[in-house]
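Both ligands and their constituent atoms are indexed starting at 1 by order of listing. From a predicted model like this one, the values you see are computed outputs, not experimental measurements.
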Amino acid sequence: MVSKELRVNRQRLQSTLQEMAKIGATPGGGVQRLTLSDEDKQARDLFVKWLKELDLEVAIDEMGSIFGKRAGKNNDLAPVMSGSHIDSQPKGGRFDGILGVMGPLEVLRTLDENNIQTERPIIIVDWTNEEGSRFAPAMVASGVWAGALDRDWVYGRTDINGKRFEDELIRIGYKGPVPAKKWPVHGYYEYHIEQGPLLEREGKIIGAPRGILCLHWYDVYLEGEANQVGPTPMAGRHDALCAAAEMILKVNELPERMGGNMVATVGEIQNYPNSRNIIPDKVHFTVDIRSWDDDHALKAWELVRRDFENIAAGRGCPIKIEETWRVEHSPFDEKMVQRILDIAQELGYSSLHMVSGAGHDASYMNQVCPTAMIFVPSIGGRSHVEVENTRWEDCEAGANVLLQAILQSANEK
Ligand code: HGY
Ligand code: MN
Ligand code: MN
């Protein structure tokens with residue numbers, strides 16, 4: 001039963017988020033806290049300070065993930081966990097990830113000030129590198145913790161400047177002593193902005209995703225032949241950028257060709273030597289394919305991969321492909337998803353049962369324990385941009401649902 005009178009402190013949640021938004025603030029009103037950057041470190045330090053103020057047991061694992069543990073009456077019982085990520089996209093938003101770390105922090109602050117002790121311990125977490133923008137792929141820390149990714153493979157990943165993940169983790173002082181290895185978890189809740197248009201369009205406050213699409217990431221490298229743009233005839237050129245251009249449009253057409261619920265995007269490209277009067281001879285670009293149906297996504301990849309090989313052959317531009325990362329679609333625990341919908345209703349918030357097109361650490365947590373997410377609307381459906389925004393009253397509503405969900409799970413015997 002929901003202890004209805006218990007509510008989070010909206011003003012405190014709002015000022016906590018505003019405090020965090022100052023770290024890596026960008027001129028356009030967003031944030032830039034790239035994984036393992038100085039800004040990421042600054043925000044981590046502030047989060048650890050707040051955890052210590054609550055007398056939580058703070059642990060940092062070898063992937064840099066930060067855990068704050070609140071004791072329960074019976075600490076032999078598996079904990080309830082809730083968390084998300086502090087890192088952001090380049091020129092990202094003030095809510096993506098951080099809401100899901102500050103939300104559970106606000107929940108623990110509320111439990112403390114109401115002297116509420118739960119049966120089970122509660123652990124809140126900041127997962128390192130959820131975004132996968134500076135260091136690909138995404139969700140690597142929860143992936144290693146869940147046993148789905150190899151720690152040393154992630155350690156060796158490099159950013160565009162050749163900096164290694166592990167070296168940057170050491171540089172900011174967050175390569176912790178705790179092995180990044182899963183432990184029994186009673187249930188995991190991740191609180192997050194929707195990052196899409198559905199809730200706003202349907203006029204709903206709380207989203208309860210039934211799960212997350214699969215995410216498949218690929219890296220494509222093309223070789224061409226550089227030359228002076230003036231004297232070199234058009235016929236016989238091996239222009240790597242033109243080859244890439246044809247391939248990028250093939251990716252864009254893929255969902256329509258395949259049908260079904262799929263998205264396919266080329267988001268990142270590097271072109272060398274990138275001089276206006278040299279024919280490009282090296283191009284790297286990324287491919288992101290997502291669908292609820294993993295096989296559908298794999299078939300799509302096989303189709304477009306054949307297109308790539310034909311284009312590369314036709315233009316005499318040798319191609320190299322890295323199948324960088326795949327995480328299966330994640331159907332959440334139906335009981336926990338229903339709990340989110342029931343609590344929203346009991347608290348008087350409208351709700352929507354939906355699917356998450358955005359990836360989250362919940363994808364990997366779902367491989368370890370019963371998992372569910374709580375969404376609140378993104379104004380204009382915008383995210384991963386500086387104008388990303390969510391109403392404070394919606395942030396409060398989602399945190400109230402999270403509070404009740406954590407309470408219910410943490411008091412299950
Ligand atoms: O790619 C995603 O959906 C997430 O932001 N990592
Ligand atoms: Mn996120
Ligand atoms: Mn994101």
Quick one: how many protein N/O/S atoms are under 2.8 Å away from the Mn ion (ligand 3)? 4
Any idea how F95 and W392 line up, ring-wise: parallel (<30°), tilted (30 to 60°), or perpendicular (>60°)? tilted
Within the 4.5 Å heavy-atom criterion, are L222 and R315 side-chain neighbours or not? no
Any chance you could measure L13, atom CG, to C395, atom SG, to the nearest 0.5 Å? 6.0 Å
Roughly how far apart are W50 CH2 and T16 OG1, rounded to 0.5 Å? 5.0 Å
Residue contacts for ligand 1, heavy atom to ligand atom, distance under 4.0 Å: E130, E131, A138, R290, A358, G359, H384
Looking at D87, I160, N129, which one forms a side chain to side chain contact (heavy atoms under 4.5 Å, CB included) with F135? N129
Classify the ring geometry of F67 against W145: parallel below 30°, tilted from 30° to 60°, perpendicular beyond 60°. tilted
Spatial distance of atom CD1 (I23) from atom CG (D45) [nearest 0.5 Å]: 8.5 Å
Separation of D239 CG from C317 SG (nearest 0.5 Å): 7.0 Å
Could you give the distance from NE2 (H329) to CZ (R290), rounded to the nearest 0.5 Å? 15.0 Å
